[in-house]
Every structure is written in C-alpha cells, then in structure tokens.
Engineer: 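Next up is a structure, given as structure tokens.
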Amino acid sequence: MSFEQLEKTILEKINAAVNEVLGQPPQQLEIGFPPDPQMGHFAVGCFPLAKQFRKSPAQIAGIIADRLKPDAVIQEAVAAGPYINLKIESQVLFGDLCNRIIHEGTAYGTSAMGRGKRAMVEYLAPNTNKPLHLGHLRNGALGMSVANMLEATGHRVIKANLVNDRGVHICKSMLAWQRWGNATTPESEGIKGDHFVGNFYVRYSREAEKNPQLENEVQQMLQQWEAGDPKIVELWKMMNGWVYDGFAETYRRFGLEFDVFYYESETYKLGKDIIQQGIEKKVFSTDAYGNTVFILPEKVFGRDKSDGLKKVTVLRPDGTSLYITQDIGTAILKITDHNLDYSIYVVGSEQEYHFKCLFAILEALGYEWARNCYHLSYGMVYLPEGKMKSREGKIVDADDLITEMVKLAEAEIRQRDPQGRLAEDEIKNRAEVIGVGAIKFYLLRVRPAQSINFDPAESISFDGFTGPYCQYAYARISGILEKAKPARQQSAGTDYSLLGNAEELQLLQQLSRLPGELKNAVQDFNPSKIAVYIFNTAKAFNQFYNKHPVLKAENEQLVNARLGLIRAAAVVLKKGLNLLGVEVLENM
RNA sequence: GCGCCUGUAGCUCAGCUGGAUAGAGCAACGGACUUCUAAUCCGUAGGCCGCAGGUUCGAAUCCUGCCAGGCGUACCA
C-alpha cells in the first residue's frame with residue numbers, strides 16, 4: 001500500500017465511522033500530520049463537520065475516535081481537542097513506504113502531471129562583453145532547478161539561452177581591444193576569454209570618461225556592424241568566440257546546460273513583420289509622435305499619470321525596433337521552433353512590467369499560448385555595499401566566487417585528512433562538488449521573490465542550513481551502507497514493525513513528503529521549497545543517527561529494518577539535491 | 001502619483017490556498033567524540049509576526065487603511 005492509498009484507506013474508515021454514528025457521510029475531510037510525531041502518524045481536523053452536525057469539532061472528534069477500533073492498519077485513534085490523531089501499524093507505515101522508495105529509486109517523487117507537455121525554460125541571458133557575475137549564478141541555479149523539477153513531473157523540457165551578443169555595449173569592448181589590445185588574445189595572455197574581453201570593456205569605460213569622443217566612435221562601429229562591414233563582423237565574431245569559450249567553462253563547472261541557444265544578433269530584427277500584421281488587425285495604432293504603440297488594457301494596467309490609457313511603443317517613427325519588438329518575434333519563434341505548451345522566462349524582477357506588457361501584446365495578437373507564458377521573476381542580489389554594478393566594479397565575479405568556495409571546501413577536506421590518505425584528484429573532485437553545491441544551495445534556499453543580501457561570511461558557511469550539511473547526511477548513509485555490504489541486501493522479509501521511535505517516525509514522515517513537496521514546488525516554480533524540505537530531511541536523519549545505532553542495533557532484525565529506512569533516506573536526499581542541481585558524494 | 005515585491009528572534013530567512021504552544025540556520029552561552037563520518041547532535045537564552053481596524057468559532061496567514069524599504073513606471077536592454 002502506498003502512502004496515498006494509506007491516506008485514502010484512513011479517510012474511508014473515518015467516513016464509514018461518521019456515517020454509522022452520525023447518520024450521514026461527512027463532508028470532505030483532509031488528512032495531515034500532527035505537530036509532534038509522538039502524538040500520532042496522521043491527524044484529521046474535524047472543523048468542517050461542526051456546521052454539518054451542529055456539534056463542536058472537539059465533540060465530533062471524540063465520537064469518531066471512540067468508534068474507530070484498532071485493526072490491521074489503525075493501531076490507535078485518539079481525540080485531541082478538535083483533532084483525531086491516528087497511529088498506524090508500523091509494518092504498514094514503514095514497510096510499504098521504505099520498500100516503495102527503495103524500489104522506485106530516483107523515480108520516487110516524480111509524477112506524470114506534465115506528460116506530453118513541452119516546456120521551454122529560458123534562462124541566463126548573458127551579455128558577451130563581460131564575464132558572468134553572482135546575479136547570473138542565481139539565475140542559472142534557478143533555471144536549472146526549475147528545468148529539473150519540470151522534467152521530474154513528466155514534462156519534456158527545452159533549456160534555452162538567449163545570448164545578448166550585439167549592441168553598443170559589445171562594441172565598447174571591441175573598440176577598446178582594437179585601440180589598446182595590441183593583437184593580444186586570451187591564449188597569449190593566459191586569461192579566460194570572457195574575462196579577457198571584460199577587461200577591455202572596463203578599459204573602455206575608463207577611457208571614455210577622459211575622452212567623450214569615444215562614444216561617437218562606438219556608435220559608428222555599431223552602424224558598421226549593422227551594415228555588415230566584414231572587418232567589424234570578423235572582429236565581433238572573434239571576440240565573441242573568446243567569450244563563449246570562457247562561458248562554456250563556467251557553464252560546465254557550475255552545471256548549467258542548454259539545449260538551444262538564441263542569439264540576439266539573429267533575432268533582433270524579428271517581430272517587425274508581426275507588428276505590421278498587428279497594425280492591419282488594428283491591434284496597434286500610431287500615436288501623436290508617430291510611434292507605433294500598443295494600448296494596454298485598462299482593466300489590468302490602469303491609467304497613467306495624466307489619467308490617459310497606458311501604452312507601450314513597439315516601433316519608433318523611423319521603423320526601428322525596440323527590446324519588446326524583438327521579444328515578440330522571439331516568443332513566436334520559440335513556439336514555432338519547438339511546439340511548446342509552456343514558455344518560462346527566468347528573468348529578474350526589474351523586468352516584471354516588461355513581461356506583463358509582452359504577454360498582453362501576444363494575447364491581443366490572438367496567440368492562445370500567451371496564457372502559458374510565465375515570467376519566473378526573482379529578486380536582486382545585493383552586496384553589502386548595495387546593488388551590483390559591473391561598470392563600477394561593484395560586483396562578485398562568478399568564476400572568482402566558485403574558485404573561492406572550492407578552495408574553502410578543499411581546505412576543509414584536507415583538515416579532515418591529516419594523514420593525507422586521499423588522492424589529489426579525489427580531493428579536487430570533492431572540493432568541486434561541495435563548493436559548487438554550497439553556492440547553489442545558498443542561492444536557492446530562499447524563495448525567488450526574495451532579494452538576497454549577499455553576505456560573504458554566511459555564503460561560505462558549510463554548517464547548518466547549507467548544501468554541504470545535506471550532502472554530509474547523504475555521505476554518512478553511504479558510509480553505513482558501504483560497511484553493511486555485501487552481507488546485507490534489503491530483503492522483502494525485513495520486519496519494519498520493529499521501527500517506531502520518535503526519530504524514526506520523524507524521518508519516515510519526512511520521506512513520505514517528497515512527492516507532495518515536488519508538486520508544490522513546481523507549481524509555483526519555487527525550488528526553495530525543495531531546499532527547505534531536503535534540509536529538514538537531512539536534519540531528521542542526523543537526529544536519528546545521533547541517537548540510534550544502525551549496524552550496532554540490538555539485533556539483526558532491527559539492523560535490517562534501520563538499513564531499509566536509511567536506504568530510503570539516501571534515495572530521497574539524492575533525489576532532492578539533484579533537483580536543485582546539487583550533486584552528492586559517497587564520502588566527505 | 002500609480003503598479004509589483006518585501007517587512008516574522010540581534011542577523012539571514014521558513015511558515016502566507018486561515019487551524020494544535022509562531023519555526024529553522026547563523027551569532028551568544030552551556031554540554032556530547034575509546035561507540036556506524038562532530039561539515040553532527042542536545043540544551044539555554046532570544047518574538048506587540050511593521051502599525052491600526054475589519055471578517056471568522058479561530059488571523060503571521062484573508063480584506064481595508066496607514067508606515068517603512070526595494071524594483072518598475074512607454075519612445076534603454
């Protein structure tokens with residue numbers, strides 16, 4: 001019997017009891033957990049029945065609890081105020097769930113709710129004039145995690161990266177290299193390509209302060225690029241190539257994957273024809289300045305400062321396009337390229353208004369799927385000194401941060417291995433998994449809408465509510481299972497009725513929650529729910545671990561039962577961490 | 001001005017589709033390693049859940065108003 005079936009069985013028994021004692025079946029009751037597992041394994045609040053039977057919830061709970069006699073499933077039913085607390089026979093409670101989790105393995109918790117649905121997760125959207133920073137890491141961690149969660153719920157997921165590879169800012173680093181680069185390359189200087197190019201972007205900003213004339217040169221360069229000037233295009237290709245090499249390294253290291261790349265150099269002219277069609281369909285109009293505009297529906301957007309209807313410009317009078325123009329085109333391109341059911345944009349909260357407008361326009365143009373476009377908005381990452389600004393150098397570089405965290409993890413590993421028994425590459429590998437895991441967990445543990453005040457001291461912690469804490473719980477279990485092997489394989493004859501102490505119950509209850517937690521998390525694109533859940537599960541295991549021996553339990557039957565429990569816990573921890581994009585280690 | 005987000009322990013945050021005494025981590029203090037990995041565990045201390053009303057048997061949670069902070073507010077991306 002699965003947990004869901006178990007809950008259903010319990011409700012059926014209660015329904016039957018109510019019908020017998022009170023003369024009619026009850027309205028919909030919900031099953032939950034008592035605050036303390038010692039009180040019972042499940043709880044049912046009787047509030048909805050108060051009106052139906054004109055008795056206080058406590059009275060009703062008492063009547064029902066008296067009627068529920070112990071049987072093969074229910075061990076005990078006790079009324080506690082308005083609640084009925086139920087204890088379940090251990091073999092049923094533990095055995096069924098542990099067997100199921102061990103049997104299903106990584107499939108545990110997954111569902112088919114998205115079967116047949118195709119979802120695109122667009123995330124990261126870097127600029128090719130500078131390296132990635134902490135904000136990109138939050139975006140990347142969110143994007144990967146949401147993609148993982150969608151996959152785990154049966155969706156076919158396409159991960160897309162919309163690369164901002166053109167525009168004045170790109171020309172700035174190009175111009176700087178042209179003037180002061182002396183034909184150097186990332187190879188010749190031994191610098192990662194994106195950093196190499198980023199240095200020229202910074203150089204430009206410095207020089208432009210002294211020499212305003214540079215601004216004109218950049219504009220001129222942009223025009224040459226748009227005109228397809230072979231020399232400029234070649235320079236652009238070469239420098240972007242350097243950047244992509246650099247990005248690829250960071251993607252690999254941080255575990256970011258993409259199925260499709262869209263480049264703005266290829267999409268920036270999209271959307272214009274759609275605007276033309278929209279004009280014919282009278283979706284767009286021309287304003288007093290000659291702009292082609294979309295009038296935003298008052299019901300949703302309200303009115304502007306001077307009490308007029310709000311509008312958004314989609315084409316300038318000279319016919320040139322805007323950010324939103326190409327986004328309209330790209331949105332349509334994505335759908336036609338990949339036959340999508342859902343389109344998810346992982347973009348910072350400062351662009352909420354933009355996406356609200358974009359989706360409204362798409363809907364007005366008659367695209368039904370516009371309702372299945374979601375802006376996964378997330379809060380900013382603030383540094384102790386304030387908002388990150390790359391031009392002022394107030395920034396946390398992604399590569400630097402990763403390297404720093406990995407270094408700290410490495411130091412920690414060496415400290416635990418004073419005799420130097422570990423091989424160098426083993427140390428390096430562990431440090432990488434722990435360091436990267438710590439960053440991802442740190443960025444995902446708060447809900448997306450929350451802005452993050454980046455606290456270096458807190459972010460480098462490996463204790464408490466952190467990735468390494470959860471990884472450590474997994475590694476501990478692996479250690480035990482390793483020692484138990486090969487003598488004991490989980491057998492169908494494991495006697496789970498021996499389990500039932502407070503820590504075992506707490507752990508089991510945690511394990512039962514994964515399917516529900518995943519469903520909740522994916523519904524509002526919120527990986528923090530998984531992070532919190534996995535932390536609580538790791539904690540439940542650690543509490544159990546500290547109080548009860550597994551391999552040295554009183555007798556062989558108990559050893560086997562506890563092995564089954566922690567084997568199931570390992571499955572859940574690994575699954576949950578993987579959903580966050582965090583890897584696990586067998587040893588730490 | 002308007003829109004969205006945020007306000008919970010010294011700090012960082014869970015909880016927000018209303019239900020049992022408001023939780024966790026960090027920091028502080030005190031304990032537990034001859035026992036399966038102490039990146040762990042246990043304990044102590046710490047709260048007008050921004051303020052004021054309202055709805056309800058019941059409000060951190062829902063509604064209204066106010067206060068404070070962040071982000072945005074077409075013709076940048």
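In what follows, every chain begins at residue 1, and chains take the letters A, B, ... in the order their sequences are listed.
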Engineer: Taking the C1' atom of each, how far is B:A59 from B:G15, in whole Å?
Structural biologist: 14 Å
Engineer: What distance, rounded to whole Å, do you find between the two P atoms, one in B:G23 and one in B:U64?
Structural biologist: 29 Å
Engineer: Taking the six-membered ring for Trp, are the ring centroids of A:F42 and A:F33 within less than 6.0 Å of each other?
Structural biologist: yes
Engineer: Whole-Å distance between B:U17 P and A:K519 NZ?
Structural biologist: 16 Å
Engineer: Which nucleotide in the set B:U12, B:G25, B:A77 lies at the smallest distance from any side-chain heavy atom of A:R316?
Structural biologist: B:A77
Engineer: Hey, are A:T128 and A:N240 close enough side-chain-wise for a donor-acceptor pair under 3.5 Å?
Structural biologist: yes
Engineer: Can you tell which of B:U37, B:A74, B:C71 lies closest to the side chain of A:M380?
Structural biologist: B:C71
Engineer: Taking any heavy-atom pair under 4.0 Å as a contact, classify A:D304: base, sugar-phosphate, or nothing.
Structural biologist: nothing
Engineer: Would you say A:N542 and A:Y469 are linked by a side-chain donor-acceptor pair, where the criterion is simply a distance under 3.5 Å?
Structural biologist: yes
Engineer: To the side chain of A:K539, which of B:G25, B:C36, B:U21 is closest?
Structural biologist: B:G25
Engineer: Which part of the nucleic acid does A:D524 contact within heavy-atom distance under 4.0 Å: base, sugar-phosphate only, or nothing?
Structural biologist: nothing
Engineer: Do A:E504 and A:H548 have side-chain atoms, one donor and one acceptor, less than 3.5 Å apart?
Structural biologist: no
Engineer: Given B:C36, B:U6, B:G25, which nucleotide is nearest the side-chain atoms of A:F535?
Structural biologist: B:G25
Engineer: For A:F294, report the nucleic acid contact type (base, sugar-phosphate, nothing); a contact means any heavy atom under 4.0 Å.
Structural biologist: nothing
Engineer: Do A:E586 and A:Y474 have side-chain N/O donor and acceptor atoms under 3.5 Å apart?
Structural biologist: yes
Engineer: If you look at every strand shown and take non-hydrogen atoms under 4.0 Å, does A:A457 touch a base, only sugar-phosphate, or nothing?
Structural biologist: nothing
Engineer: Mind calculating the distance between CD (A:Q450) and C1' (B:U12) to the nearest angstrom?
Structural biologist: 9 Å
Engineer: Would you mind classifying the nucleic acid contact of A:A473 as base, sugar-phosphate or nothing, using non-hydrogen atoms under 4.0 angstrom?
Structural biologist: nothing
Engineer: Phosphate oxygens OP1/OP2 of B:U37: is one of them under 4.0 Å from a side-chain N or O of A:R416?
Structural biologist: no
Engineer: Picking from B:U6, B:U35, B:U73, which would you name as closest to the side chain of A:A449?
Structural biologist: B:U6
Engineer: Describe the nucleic acid contact of A:L322 in one word from base, sugar-phosphate, nothing, applying a heavy-atom distance below 4.0 Å.
Structural biologist: sugar-phosphate
Engineer: Quick check: are there more than 12 heavy atoms from other residues, nucleotides or ligands sitting under 6.0 Å from NZ of A:K272?
Structural biologist: yes
Engineer: Heavy atoms only, 4.0 Å cut-off, all strands: where does A:E30 land among base, sugar-phosphate and nothing?
Structural biologist: nothing
Engineer: Taking the nucleotide of RNA chain B with the nearest heavy atom to each, does A:K552 or A:N127 sit closer to the 5' end?
Structural biologist: A:K552
Engineer: Between A:D318 and A:T320, is any side-chain donor less than 3.5 angstrom from a side-chain acceptor?
Structural biologist: yes
Engineer: Rounded off to whole Å, could you give me the CZ-to-C1' distance for the A:R445 and B:G15 pair?
Structural biologist: 16 Å
Engineer: Counting side-chain heavy atoms from CB outward, which of B:A77, B:U37, B:A24 is closest to A:N164?
Structural biologist: B:A77
Engineer: Quick one: does A:R447 reach the base of B:A14 with a side-chain donor-acceptor pair under 3.5 Å?
Structural biologist: no
Engineer: Suppose you measure atom C1' in B:G10 against the same atom in B:A45; what distance do you get, rounded to whole Å?
Structural biologist: 12 Å
Engineer: I want to check a possible cation-pi pair here: A:R445 against A:F465, using under 6.0 Å from ring centre and within 45° of the ring axis as the test.
Structural biologist: yes
Engineer: Classify the nucleic acid contact of A:V446 as base, sugar-phosphate or nothing, counting any heavy atom under 4.0 Å across all strands shown.
Structural biologist: sugar-phosphate
Engineer: Counting heavy atoms from C-beta on, name the nucleotide in B:U6, B:A39, B:C41 closest to the side chain of A:M588.
Structural biologist: B:A39
Engineer: Mind checking A:K310 for me? I need base, sugar-phosphate or nothing, with any heavy atom below 4.0 Å counting as a touch.
Structural biologist: nothing
Engineer: How long is the line joining CD of A:E482 and P of B:C36, in whole Å?
Structural biologist: 16 Å
Engineer: Base, sugar-phosphate or nothing for A:D455? Non-hydrogen atoms, less than 4.0 Å.
Structural biologist: nothing
Engineer: With nearest nucleotide decided by heavy atoms, which residue, A:H169 or A:P34, maps closer to the 5′ end of RNA chain B?
Structural biologist: A:P34
Engineer: Quick check, are the ring centers of A:Y123 and A:Y378 under 6.0 angstrom apart?
Structural biologist: no
Engineer: Looking only at side-chain atoms of A:I413, point me to the closest of B:U40, B:A39, B:U12.
Structural biologist: B:A39
Engineer: As a test of reading the structure: which of B:C36, B:A14, B:C75 is closest to the side chain of A:Y545, going by heavy atoms?
Structural biologist: B:C36
Engineer: Examine B:U37: is either OP1 or OP2 under 4.0 Å from a nitrogen or oxygen in the side chain of A:K483? Give yes or no.
Structural biologist: yes
Engineer: Mind checking the C1' distance from B:A52 to B:C13? Whole angstroms is fine.
Structural biologist: 27 Å
Engineer: Please determine whether a side-chain nitrogen or oxygen atom of A:R476 lies at a distance below 4.0 Å from atom OP1 or OP2 of B:A38.
Structural biologist: yes
Engineer: What's the closest nucleotide to the A:N453 side chain, out of B:C41, B:A14, B:U12?
Structural biologist: B:U12
Engineer: Can you find a side chain N or O atom of A:Y469 that sits less than 4.0 Å from OP1 or OP2 on B:C41?
Structural biologist: yes
Engineer: Does this structure show an ion pair linking A:D524 with A:K529, if we count only N-O contacts that are shorter than 4.0 Å?
Structural biologist: yes
Engineer: Contact class for A:H548 vs. all strands (heavy atom < 4.0 Å): base, sugar-phosphate, or nothing?
Structural biologist: base
Engineer: Under 4.0 Å between any heavy atoms, over every strand shown, what does A:Y472 touch: base, sugar-phosphate, or nothing? Just pick one.
Structural biologist: base
Engineer: Using a 3.5 Å cut-off on both pairing distances, which stems of three or more Watson-Crick or G-U pairs include RNA chain B?
Structural biologist: B:1-7 with B:67-73, B:10-13 with B:23-26, B:28-32 with B:40-44, B:50-54 with B:62-66
Engineer: Between A:Q351 and B:A77, is there a contact of a side-chain N or O with OP1 or OP2 at under 4.0 Å?
Structural biologist: no
Engineer: May I ask you to say whether A:E412 pairs ionically with A:R416, meaning some side-chain N is under 4.0 Å from a carboxylate O?
Structural biologist: yes
Engineer: Distance check needed: B:U12 P versus A:Y442 OH, whole Å only.
Structural biologist: 10 Å
